Peer 1: 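Shown below is the structure under consideration.
Owing to the predicted nature of the structure, the values given are computational and were not obtained by experimental measurement. Convention: sequence-line order gives letters A, B, ...; per-chain numbering from 1. Both backbone and side-chain heavy atoms feed into the values below; hydrogens, waters and symmetry mates do not.
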Amino acid sequence: MLDIRLIRAELESVRQGLAAKGVDADLDSLVAQDERRRAIIAEVETMKAEKNVVSADIGRRRAAGDGSTAAIEAMRELNERIRLLDAELREVEADIELRLLAIPNLPHSSAPVGLDETANVEVSRYGTPPAFDFTPAAHWEIGTRLDILDFERGAKVGGARAVIYKGGAAHLERALINMMLDIHTREHGYRELYPPYLVLEQCMIGTGQLPKFGEDSFRIADSDFWLNPTAEVPGTNMYRDEILEEAALPLKHVAFASSFRSEIGSYGKDTKGLIRLHQFNKVELLKWTTPETSYDELAKLLRNASTVLDRLGLAYRVVEMCTGDLGFTAAKKYDLEVWLPSYDRYVEISSCSNFEDYQARRANIRYRPANGGRPRLVHTLNGSGLAVGRTVAAVLENYQQSDGTVRVPEAVQLYMGGMTVIDK
RNA sequence: GGAGGGGUGUCCGAGCGGUUUAUGGAGCUGGUCUUGAAAACCAGUGACCCCGCAAGGGGCCGUGGGUUCGAAUCCCACCCCCUCCGCCA
């Protein structure tokens, strides 16, 4: 969330930042509540100071054998007033908290301004989309013909947006996961994590999925658990309420996890293939940094994710998100989009974001500066490195051959026991 | 799931209704001594949060309630850890 002090001190620039995201929050009543809050604190703390003095005095008198009760009666009354004010303060604070949780992060000043994806900016392109001397098939067609992706039986078991991987596709999925994890751990210095899939509600609040976007995720009935919509949730929240040492920063983790999304609101969108399923695998890169280094680290993270696409020899482009397409929590975001012949365009396969201190404030993740001093909020970043299902789709489509089989990219062959072609 | 034990500051560890502004160590910082270091001794230092320009004030002893003029200390609920039993991959 945003710092209430920032909102108070720079109301108009905050208002403008939110407007760039297409958000019109009621900041005036928020600021009014904050003033009310501080007034109550001033009043009730004066009373408590008096209470402390008088109570100590009663104790001293009692020790001296003075059993007078006048002061005790007066305290009873003062105490009641304190109780009422404290209750009101709790209410006001809860209201402020609720309002703050519903306000998105401010965009970074360098983010292109625009209200939707049409204002996103292509930064660069790598590789060349393959030219086919036959009509290329979509990955769901390839997968079905080779009997390595079974959408029919997937639906029987898991309903719409579910699939059963078989044979070469299952192997490819597993191989890609291992390859990605190896690249990031061995070459890029990330420490591997394997997090819980069931996460507490507090975690969903910490990274920003709740309270506003609960319908995008699955909640486990009759429990406090949610099914993680991304490894960002268990990953980032593992350091909730902690003070890290500056020497430990930037902290870098890579987490493989299945992710789960309700996709309510995506009816009719990407209904075929592996692009948009309720359950999908993702290798996620996560970083915790100082405020001074977070944008350098974002650039590195983006390169780390791109490396996987380079190794796979897939054509892709880097797109910078405009203010309106940053999402709720990001201050800055780049997407990696891979060339997908069936879509005849580039399709998102990774999203790399800097959340600055927005999640850190929600989740209370701080670090102690090396020179001592008070703890400061860290900056959190993350990005897919990569979405595995979409990578499988991209490999199947970009490496398909006229006979219906699929070449295995060289970098993956090692991870598939030397297999060079996926067929039936 | 059952029975028992426990959660105090960076760490160890006292406290069990007012003299605690949380005892005492360790640690850390500075000093004395020493060729230097160690040891010893002396002094300082106590996490973290909120309000405040500041002075200062308030809060914080797992979390949240409650009793009381006053709670780390009493009561209730919950969470976590440990031991044993049961169950289980």
Side-chain angles (χ1 to χ4, degrees), chain A residues 1-11 30-101 194-206 220 222-226 234 237-249 258 288 357-378:
Chain A
M1 59 188 151
L2 300 181
D3 187 350
I4 183 66
R5 281 171 290 205
L6 175 76
I7 298 176
R8 197 196 297 156
E10 293 175 42
L11 186 60
L30 172 60
V31 169
Q33 276 293 70
D34 180 53
E35 274 169 30
R36 175 86 190 113
R37 168 179 146 267
R38 285 180 296 145
I40 295 173
I41 288 172
E43 191 179 357
V44 77
E45 290 195 351
T46 306
M47 289 182 181
K48 285 181 180 174
E50 188 189 344
K51 166 181 162 179
N52 289 340
V53 169
V54 176
S55 289
D57 189 51
I58 290 173
R60 257 179 261 111
R61 288 206 216 175
R62 173 138 325 173
D66 178 354
S68 71
T69 57
I72 291 178
E73 280 307 311
M75 285 304 288
R76 228 189 280 271
E77 199 183 312
L78 179 66
N79 224 25
E80 183 56 24
R81 282 160 61 208
I82 290 174
R83 195 197 310 274
L84 289 174
L85 270 186
D86 266 339
E88 191 183 347
L89 180 60
R90 273 198 298 277
E91 258 174 54
V92 171
E93 283 179 337
D95 179 60
I96 289 172
E97 173 86 359
L98 216 61
R99 289 165 185 270
L100 284 174
L101 287 176
Y194 185 65
Y197 288 11
L198 295 176
V199 297
L200 296 172
E201 181 172 281
Q202 188 62 49
C203 298
M204 296 284 282
I205 293 171
I220 307 296
D222 305 317
S223 79
D224 296 331
F225 293 118
W226 290 74
N237 279 281
M238 70 187 280
Y239 294 112
R240 203 173 66 231
D241 295 319
E242 290 196 30
I243 300 173
L244 307 168
E245 291 301 329
E246 180 169 0
L249 305 180
S258 295
W288 294 256
D357 64 11
Y358 185 85
Q359 292 182 328
R361 187 172 289 104
R362 285 178 165 245
N364 191 29
I365 306 171
R366 294 170 292 168
Y367 74 97
R368 188 179 307 288
N371 62 11
R374 315 196 68 214
R376 302 171 70 200
L377 292 167
V378 299

Peer 1: Quote, to the nearest angstrom, the C1' distance that separates B:C61 from B:C48.
Peer 2: 13 Å
Peer 1: Applying the side-chain hydrogen bond (donor to acceptor under 3.5 Å, both in side chains) criterion to A:Tyr367, which one of A:Glu242, A:Glu246, A:Arg376 satisfies it?
Peer 2: A:Arg376
Peer 1: Is it true that atom CG of A:Asp224 has more than 12 heavy atoms of other residues, nucleotides or ligands lying nearer than 6.0 Å?
Peer 2: no
Peer 1: Considering only atom C1', compute the distance from B:G56 to B:G17 and round it to an integer number of Å.
Peer 2: 29 Å
Peer 1: Working note: A:Arg90 + A:Asp86, criterion salt bridge (charged side-chain N to carboxylate O under 4.0 Å, His left out); need CA distance, chi angles, decisive distance, verdict.
Peer 2: CA-CA 6 Å; A:Arg90 273 198 298 277; A:Asp86 266 339; 5.5 Å; no
Peer 1: Checking contacts here: which listed nucleotide (B:G70, B:C51, B:C49) is nearest the side-chain heavy atoms of A:Pro375?
Peer 2: B:C49
Peer 1: Applying a 4.0 Å non-hydrogen cut-off, can you work out what A:Ala49 is touching in the nucleic acid: base, sugar-phosphate, or nothing?
Peer 2: sugar-phosphate
Peer 1: Quick check: closest heavy atoms across A:Arg362 and A:Ile205, and the distance to 0.1 Å?
Peer 2: NH1-O, 2.7 Å
Peer 1: Between A:Arg5 and A:Ile243, which has a closest nucleotide on RNA chain B that is more 5'?
Peer 2: A:Ile243
Peer 1: Check whether any side-chain N or O of A:Asn52 sits under 4.0 Å from OP1 or OP2 of B:G70, and answer yes or no.
Peer 2: no
Peer 1: Could you work out the separation of B:G36 and B:U45 based on their C1' atoms and round it to a whole Å?
Peer 2: 27 Å
Peer 1: If only side-chain N and O atoms of A:Arg368 are considered, is one of them under 4.0 Å from the OP1 or OP2 phosphate oxygen of B:C48?
Peer 2: yes
Peer 1: Between B:U23 and B:G2, how far is it from one P atom to the other, in whole Å?
Peer 2: 40 Å
Peer 1: Considering Watson-Crick and G-U wobble pairs with both distances under 3.5 Å, what does B:G4 pair with?
Peer 2: B:C82
Peer 1: Return no unless some side-chain N or O of A:Arg90 is found under 4.0 Å from OP1 or OP2 of B:G59.
Peer 2: no
Peer 1: Determine the interatomic distance between C1' on B:A14 and the same-named atom on B:G7; round to the nearest Å.
Peer 2: 15 Å
Peer 1: Given B:C51, is OP1 or OP2 found less than 4.0 Å from the side-chain N or O atoms of A:Arg37?
Peer 2: yes
Peer 1: Check whether any side-chain nitrogen or oxygen of A:Arg38 sits under 4.0 Å from OP1 or OP2 of B:C51, and answer yes or no.
Peer 2: no
Peer 1: Expressed in whole Å, how much space separates the P atoms belonging to B:G31 and B:G25?
Peer 2: 22 Å
Peer 1: For A:Asn79 and for A:Lys48, locate the closest nucleotide of RNA chain B by heavy-atom distance; then report the residue assigned to the nucleotide nearer the 5' terminus.
Peer 2: A:Lys48
Peer 1: Taking atom CD of A:Glu77 as the centre, does the number of heavy atoms from other residues, nucleotides or ligands within less than 6.0 Å exceed 12?
Peer 2: no
Peer 1: With respect to the phosphate group of B:C49, does any side-chain polar atom (N or O) of A:Arg366 fall under 4.0 Å of OP1 or OP2?
Peer 2: yes
